[in-house]
Structures are given as structure tokens and as C-alpha cells.
Amino acid sequence: MMNRTAPPSETPGGSVPGRFRGPFARWPRAADAVLAITTLLAMVFLEEAPGDAIAVRAISDVPVPALLLFAAAGGALYWRRREPVGVLGVALAAWALTLGTSQSNTGVVAIIALYGAGRYAADARWGRLGVVAAVAMVTVEGLMDPVPWGAIGFGALIMFGAWYIGRRLRLRQQRAAQLRQEQAAEAARIVAEERTHIARELHDVVAHRVSMMTVQAGAARMVAADDPQGSLEAMAAVEEAGRQALDELRHLLGVLRPDAERDGLGPQPGLDDIPRLIEEVREAGLDLSFTNGIQAPLPARVELSVYRIVQEALTNVLKHSGPQTHTEVHLRSEGGGITIEVLDDGRGAAVQAVSATDGGGAGHGIVGMRERALLLGGSLDAGPRPGGGFRLAAHLPTGGDPA
């Protein structure tokens, strides 16, 4: 029964860059042809002499039927990778037909075929049956030409060992291929997750900048008739915010592009950039106070999350409460981490409360901030204040592993 398997280039666990590859792996077809020819010549011209010696004989000393069997068994080795079970069947049949004669050296072909069945056959059952048949023939041959039982046992061990070594190599190759597939899948998952985070970054940036531009453009329109100079200054701020938005968009889209050049990308914002963010929001019209009680340096991922949470919280205040809203931003170190607190007394508390509870009406703002905190192993609470306004508080650990 024939058992087709994939050629070497398609078998699991193909070549690994950087590993040594011998001739049987580098040139499989040529190596198998050389193996088949060498084995055929050895069976034809070599014979066992008295005293376990090897003697050379003339081709005329080999009967024609034996020559045909040698040619069939030796030539079959060329297909040992593509048809391992079929080659094993041919080798065992040739050996069985020569048992009890002086031409029974086809056992060497059976050893090679057993290794091939273990190494290249997908179904291990045929290899096991081949081992049983080979051991039986070793036993029969030992009984026909009386030899010690130790020699018979040694021959049986060689037959089993050839198949077992091939099978172990195949299983190891399959495990290596599976590990590479799992590593590739994990890398793809990490890339997809990172791009999701970057998409959230993009939302934060665009929402903040566009909110500022909208507020400043509205202020410029309102004062255009009475204060032309103030209107020009507001429009200049809109222009600057637009340029900054475009710069950040180019940065983030460059990260998303798989073949982007990373060398020209600037660093991600952190704690040192929060004062500049506060000034920009003040220019947009918020009555904003800021206190920073964080002294120790933080991991880059924590600094980035602090910046983005403050940015998104202030964007929500601008969006839902409008300018002239009194807002407080407090950063402090406590409990093995840092706490971010953003308080406002604006009219948009009801709208933000809906976003905080169901994540629906106000988009991804509070949902995104909470996910960012959870990824670091922290927490985020948001809701209306008892005396009016809105409160957002996030706690981010500075040590330990992310959630």
C-alpha cells in the first residue's frame, strides 16, 4: 500500500536559517540517487565471507534473479521520501525472497527503508508493521543459518532502532514547526493588539486637536466684529493646532504602515509634555489649574498613559462643557502608583456620565481611558460629582506587570 507524503521542502519543520544542512537536506534528490546507486553496487559486488569478513565478487557470480531483486530494492531507495511505505514494502519483499541464500544481503536496504518509513511516513502504523516483519525475518534468517540468540537480538534491535530514530526526528521536526507557527501567531496577535492601541492613540490625538480647533474657531467667529486682533490670534491658534494634529497623524500613521521607516519618528509624549498640553487647553478657553506631585521617573508606558488620559479627559471637558469651565488636574504619587484626578464644574456631566456607564453615546473616550488603565494593571472611575460637574480618577501602578 502506497503512502504519499510531501517532498522534503514541504514537510513540517523545513530548513531553519543558520542551521547546518548536510547533503541529504541540501540536495535531497541527488543524495537519494547516490544512496540508491551505492547500495545497489554494495549488494552486487560485496558478499559476506567466513569470519564475518567482507569479500568482493564478480558480477558474473550473481544470479540474474538476484540482480533483478537488487536493482528493484536498491533503486526503490530513490523514492524513500515520497513513497516511504512503498519502498519499505519492496525492501522487505526482496529480503524475504533471498532468505536462506547467499544473496540475502538485501537486509541493509530494509534498514534504510525502515528509517525512511519512520522519518517520512505520516502514519506510524505501517512503520510498526514493517519493524515486526523485519524482526521476524531477522529471526528466521538466524534460525536458518544458526547464529547465537544474542546476534539475532542485536539484529532485531538495529531494525527497531532505525525506524525509531527516524520517527523521533520526524516528531521533533513537527514540534519545531508547530512552535514556529505558534510564535508567528503570537507575533501577529501582538502586532494586531499594538495597532489597536495605536488606533486609540490616533483617536485621542484627533479628538483633542479637533476639539481645540472647533472651540478656537467658534471664539474667533464670536469676537471677529468687536476684536479683530483677538480673532486673528484665535485663528492663528487654530492653524497651529491643525499643524500639530497633522504632525501627530503622520507619526502615528507611519507607525501603522508595516514598511515605514522608524528612524524619523519622534518619541511618545510623557510627563514633561503635560504642561504644554495644559497651556494649549487654557488657550482654548478652559479655566484650568494643574498640580503635579509626581517626582520619581516613571516607565515610558506609564508616562504615555498618564499623558493620554489627561489629554482625553480635558478633551471631554471641552467637548461636553465648553470653554470657561473651571477644571482641575491633579497628579500625585500614592499607594505604589500614581493617581490622576480631573475635576470640572461644567454642564456636560450628564453626557459624560452616559459615556462612563454604557460606553455608547460619547464614543470611545472614557472606554478607551479605562482600557488603557486596565492594560497597566490599574483602574479608572468616572462619574458626576455630588455638587455638580464631573470627576475622573485613574490609578496606575508604577511597578509590577500589566494586566
Side-chain angles (χ1 to χ4, degrees), residues 1-16 19-44 68-99 104-141 154-181:
M1 180 175 181
M2 307 296 273
N3 183 40
R4 297 194 60 84
T5 60
S9 60
E10 299 174 6
T11 53
S15 61
V16 178
R19 289 186 60 182
F20 171 76
R21 300 177 66 208
F24 281 92
R26 191 179 298 272
W27 305 291
R29 297 292 180 83
D32 286 343
V34 171
L35 176 64
I37 294 172
T38 302
T39 305
L40 173 60
L41 293 176
M43 288 189 295
V44 171
L68 295 177
L69 286 176
F70 292 163
L77 292 178
Y78 179 73
W79 289 277
R80 70 189 186 95
R81 298 173 194 260
R82 287 176 290 175
E83 303 288 352
V85 176
V87 171
L88 177 59
V90 171
L92 292 175
W95 190 15
L97 292 173
T98 58
L99 282 178
S104 62
N105 52 359
T106 48
V108 67
V109 181
I111 295 173
I112 300 173
L114 281 169
Y115 170 83
R119 183 72 173 81
Y120 303 110
D123 191 345
R125 291 176 299 177
W126 297 107
R128 296 190 186 101
L129 290 175
V131 170
V132 172
V135 170
M137 281 188 277
V138 167
T139 305
V140 170
E141 188 174 40
F154 181 72
L157 181 63
I158 290 177
M159 295 299 169
F160 173 77
W163 174 81
Y164 181 77
I165 291 172
R167 197 65 193 173
R168 296 303 301 174
L169 288 175
R170 178 180 179 86
L171 294 176
R172 188 177 69 175
Q173 192 177 55
Q174 288 177 333
R175 283 195 297 268
Q178 182 179 3
L179 178 60
R180 286 194 295 272
Q181 291 174 354

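Note that the structure is a prediction, hence the values are computed from the model and not measured.
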_Over 60° means perpendicular and under 30° means parallel, so tell me whether Phe160 and Tyr164 are parallel, tilted or perpendicular._
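Ring orientation of Phe160 relative to Tyr164: parallel.
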To the nearest 0.5 Å, what is the distance between [atom1] on [X] and [atom2] on [Y]?
| X | Y | atom1 | atom2 | value |
| --- | --- | --- | --- | --- |
| Ile111 | Thr106 | CD1 | OG1 | 10.5 Å |
| Met43 | Thr38 | CE | OG1 | 11.0 Å |
| Leu92 | Leu97 | CG | CG | 11.0 Å |
| Arg167 | Leu114 | CZ | CG | 13.0 Å |
| Glu141 | Thr98 | CD | OG1 | 7.5 Å |

*Does a side-chain heavy-atom distance below 4.5 Å link Arg119 with Arg80?*
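The answer is no; the side chains never approach within 4.5 Å.
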_Determine whether Phe154 and Val138 satisfy the following criterion, side chain to side chain contact (heavy atoms under 4.5 Å, CB included), listing intermediate values before the conclusion._
CA-CA 10 Å; Phe154 181 72; Val138 167; over 6 Å; no
[X] and [Y]: which non-hydrogen atoms are nearest, and at how many Å?
| X | Y | result |
| --- | --- | --- |
| Ala117 | Pro84 | CA-CB, 3.9 Å |
| Tyr78 | Ala36 | N-CB, 4.0 Å |
| Val131 | Trp163 | CG2-CB, 3.5 Å |

_Any donor-acceptor N/O pair, Arg81 side chain to Arg29 backbone, under 3.5 Å_ =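 No; zero donor-acceptor contacts below 3.5 Å.
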*asked:* Checking Tyr115 now: which residues fulfil ring pair (Phe, Tyr, Trp, His ring centres under 6.0 Å) with it, not counting sequence neighbours?
replied: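 Per chain and number, Tyr115 pairs via ring pair (Phe, Tyr, Trp, His ring centres under 6.0 Å) with no residue.
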*Leu77 and Val87: side chain to side chain contact (heavy atoms under 4.5 Å, CB included), yes or no, with the steps?*
CA-CA 6 Å; Leu77 292 178; Val87 171; 4.1 Å; yes
_Residue list, side chain to side chain donor-acceptor pair (under 3.5 Å) with Thr39, at least two apart or on another chain_ =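 Once residues adjacent in sequence are excluded, Thr39 has no partner under the side chain to side chain donor-acceptor pair (under 3.5 Å) criterion.
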